[in-house]
Amino acid sequence: MSVDEPAPVAGSELFGTAAAATGTAGAPAGTAGAPPSAIAEASDRPAPGAPHEPAREPAPPEASGPTGSRLDDWWARVLRTARRRELWYWGGPILVTLLAAVLRFWNLGHPQQIVFDETYYVKDAWTLLHHGYESTWPDGADERFAAGETGIYQDGASYVVHPPLGKWMIALGMAAFGADSAFWWRASTALAGMIAVFLVAVCGRKLLHSTLLGVIAGLLFAVDGNAIVMSRVALLDNWVMLFALLGFWFVLLDRDWSARRLERRLERARADGRDPHFGPVIWARPWVIAAGVAFGATSAVKWSGLWFVAAFGLYLVAVDAVARRRAGLPFWLSGALLKQGPATFLLLVPVALVTYLASWTGWFVTSGGYDRHWAEQAGNAATGWLSWVPLPLQSLWHFHQTAYTYHIGVHSPHPWSANPLTWLVMGRPTNMYYADGLPGCAPDGCVESIMGIGNPLIWWAAAIAVLYLVYRLVRYREWAVGAILTGLAAGYLPWLGYLDRTVFQFYSIVFEPYTVLALTFVIGLVLGRRDDPSWRRERGIRVVAVYLVAVVLVSAFFYPIWTAEPIPAILRQLHFWLPSWS
């Protein structure tokens, strides 16, 4: 059993949380009567009457008559032993991860051709393996590469606008098995999508303290079309999503880790007769260092990862402030900002920077990369107080300046460009591949396509859930809600500053895990708690069961246009539920 959570109480975990239930064994005093929507650890709430206790809705009147459901009773019998609880604890997330593996790896090598922006990243990944830097290709290279002519790359440096780590990750499958098959140039990206499903499940369990809710979150992410498509094409965005999600997981682990150490330090200080006012500085925070590595890797795939460093750096400071306030420190805000804040910065930001620079190792140790020797040319090297900066770093800085100018200037029209304001409701999904006139399934021929359309039942419900969580954060200030919205804000809000730039719906994969977690949070509220009146509990279970079955059926319906399965053209048209999808 994980050290980060108590062992689940038999029968209390299937539909709701043990810790939030009134009268649950092990819940601290004072949690009885908490609103049924409080899906957070009971231990996160201060004792009743504490001066910093957040305002809560009035407790519902005590239920009379039977509570729970027959399904709860059955589940209690199923999980009556510690071994079975352990099996469910890990088996549930692993099960949805295996489902994700099937949906992502099945027929992954089809189509055997370069798809959409694979034209950049697959070939760049292949030349990184051979040169250490991205190099150029002759005209018509896409068709020749897909046909097996993988050695036609040239020695000259290619101008690229994204850091190299994502391309190195794409190269892993080709490094092991070659580039003759599309399966291997997409395999590592599919693996990233599979791992992300497991992370969503364990993050959901950590946030909501329910293995079932974690499994539901993993299931929703496993069967969603946007997540499936982005795992089946060798683009960079799936890697941004994975590394950011890994950093998110580390931040969640640090929350408990740092709180325990703060408590121990304060106990020792008070036992020695000292009365700390600001609280100690805690340097032993390995999960913050790990988050720095993960968020640095996120930035080393695409620069948009920098927003995760900034957002979760602020989140860590906020969490520290709350922990010190709950510990009764009189100067809790000053202690969090002026003492612990600088230490957290040093544990997070320099680590992220070193990780980012390490991703450029191939560019540094070779001589052929684009702009590699820019600073060595006459008149380019810095003078004055910056003259001490090594010339390779000056060259890299210049490269970044030109790449940034390119990024902010991308305004060329594209038929599948999508305004970021419409991303949460999938206003304009991306068509990445289309072929028609294929024999086999219809008299007038079949069509194949790869459309980045998410499951509408997931996306539209998640958009509503996000709006509710914004209200809930203001109303209750729950840490789990704050964590989810921080991830969403880091992945989504920066794009609202580039409404006139050419951008695409599939960028939303980066923040999709957090919309799924928001939806799962609301699903937990609908399910209710083990001690709810039977009619309430059974109704919640039925609603959620019907919804999840509908989600799976809709995903099965859309799966052919996510994976380039041949279908009649009229059937493809039936998937376009909004006019803007066609």
Can any side-chain N or O of [X] pair as donor or acceptor with the backbone N or O of [Y] at less than 3.5 Å?
X: Ser188; Y: Met169; value: yes
X: His209; Y: Arg205; value: no
X: Thr298; Y: Ala244; value: yes
X: Glu134; Y: Ala157; value: no
X: Gln340; Y: Ile282; value: yes
X: Arg372; Y: Phe364; value: yes
X: Arg255; Y: Val251; value: no
X: Asp371; Y: Ser395; value: no
X: Ser334; Y: Phe331; value: no
X: Gln394; Y: Val389; value: yes

With a cut-off of 6.0 Å (strictly less than), are more than 12 heavy atoms of other residues, nucleotides or ligands near [atom1] of [X]?
X: Trp303; atom1: CH2; answer: yes
X: Tyr120; atom1: OH; answer: no
X: Trp307; atom1: CH2; answer: no

*Take Arg472 and Phe521 through the side-chain contact (heavy atoms from CB on, under 4.5 Å) test and state the conclusion after the steps.*
CA-CA 11 Å; Arg472 194 173 181 89; Phe521 187 101; 3.5 Å; yes
Measuring from [X]:[atom1] to [Y]:[atom2], what's the distance to the nearest 0.5 Å?
X: Leu469; Y: Arg475; atom1: CG; atom2: CZ; result: 14.5 Å
X: Leu393; Y: Leu357; atom1: CG; atom2: CG; result: 7.0 Å
X: Lys206; Y: Leu252; atom1: NZ; atom2: CG; result: 7.5 Å
X: Phe504; Y: Ser417; atom1: CZ; atom2: OG; result: 5.5 Å
X: Asp237; Y: Leu242; atom1: CG; atom2: CG; result: 12.5 Å
X: Asp256; Y: Arg261; atom1: CG; atom2: CZ; result: 10.5 Å

*Candidate pair Trp239 and Tyr121, rule ring pair (Phe, Tyr, Trp, His ring centres under 6.0 Å), full reasoning*: CA-CA 12 Å; Trp239 293 101; Tyr121 309 128; over 10 Å; no
If every non-hydrogen atom of [X] is compared with every non-hydrogen atom of [Y], which pair is closest and at what distance?
X: Leu108; Y: Ser231; value: CD1-O, 4.5 Å
X: Ala297; Y: Thr355; value: N-CG2, 3.6 Å
X: Met174; Y: Ala125; value: CE-CB, 3.7 Å
X: Leu213; Y: Thr520; value: O-CG2, 3.1 Å
X: Met230; Y: Thr189; value: O-CG2, 3.5 Å
X: Pro280; Y: Leu262; value: CD-CD1, 3.7 Å

*Using side-chain hydrogen bond (donor to acceptor under 3.5 Å, both in side chains) as the criterion, list what pairs up with Lys339, not counting sequence neighbours.*
none
Ring centres of [X] and [Y] under 6.0 Å apart?
X: Phe248; Y: Tyr514; result: yes
X: Phe295; Y: Phe312; result: yes
X: Trp495; Y: Tyr507; result: yes
X: His400; Y: Tyr356; result: yes

Can you classify the ring geometry of [X] versus [Y] as parallel (below 30°), tilted (30 to 60°) or perpendicular (above 60°)?
X: Tyr492; Y: Trp423; result: tilted
X: Trp257; Y: Trp287; result: perpendicular
X: Trp90; Y: Phe198; result: parallel

*Under the side-chain contact (heavy atoms from CB on, under 4.5 Å) rule, what do Val481 and Tyr476 come out as? Steps first, then yes or no, please.*
CA-CA 9 Å; Val481 173; Tyr476 297 121; over 6 Å; no
*Does the side chain of Ser508 pick up a donor-acceptor pair with the side chain of Gln505 at under 3.5 Å?*
yes
*Does the side chain of His131 pick up a donor-acceptor pair with the side chain of Ser135 at under 3.5 Å?*
yes
*Derivation and outcome, side-chain hydrogen bond (donor to acceptor under 3.5 Å, both in side chains), residues Tyr89 and Arg85*: CA-CA 6 Å; Tyr89 188 85; Arg85 293 194 294 272; over 6 Å; no
*Look at Arg186 together with Glu118 and state whether they make a salt bridge at an N to O cut-off of under 4.0 Å.*
yes
_Electrostatic pair Asp320:Arg285 at N-O distance under 4.0 angstrom_ = yes
*Might you work through the side-chain hydrogen bond (donor to acceptor under 3.5 Å, both in side chains) test for Tyr315 and Trp479, ending with a clear yes or no?*
CA-CA 10 Å; Tyr315 178 80; Trp479 78 273; over 6 Å; no
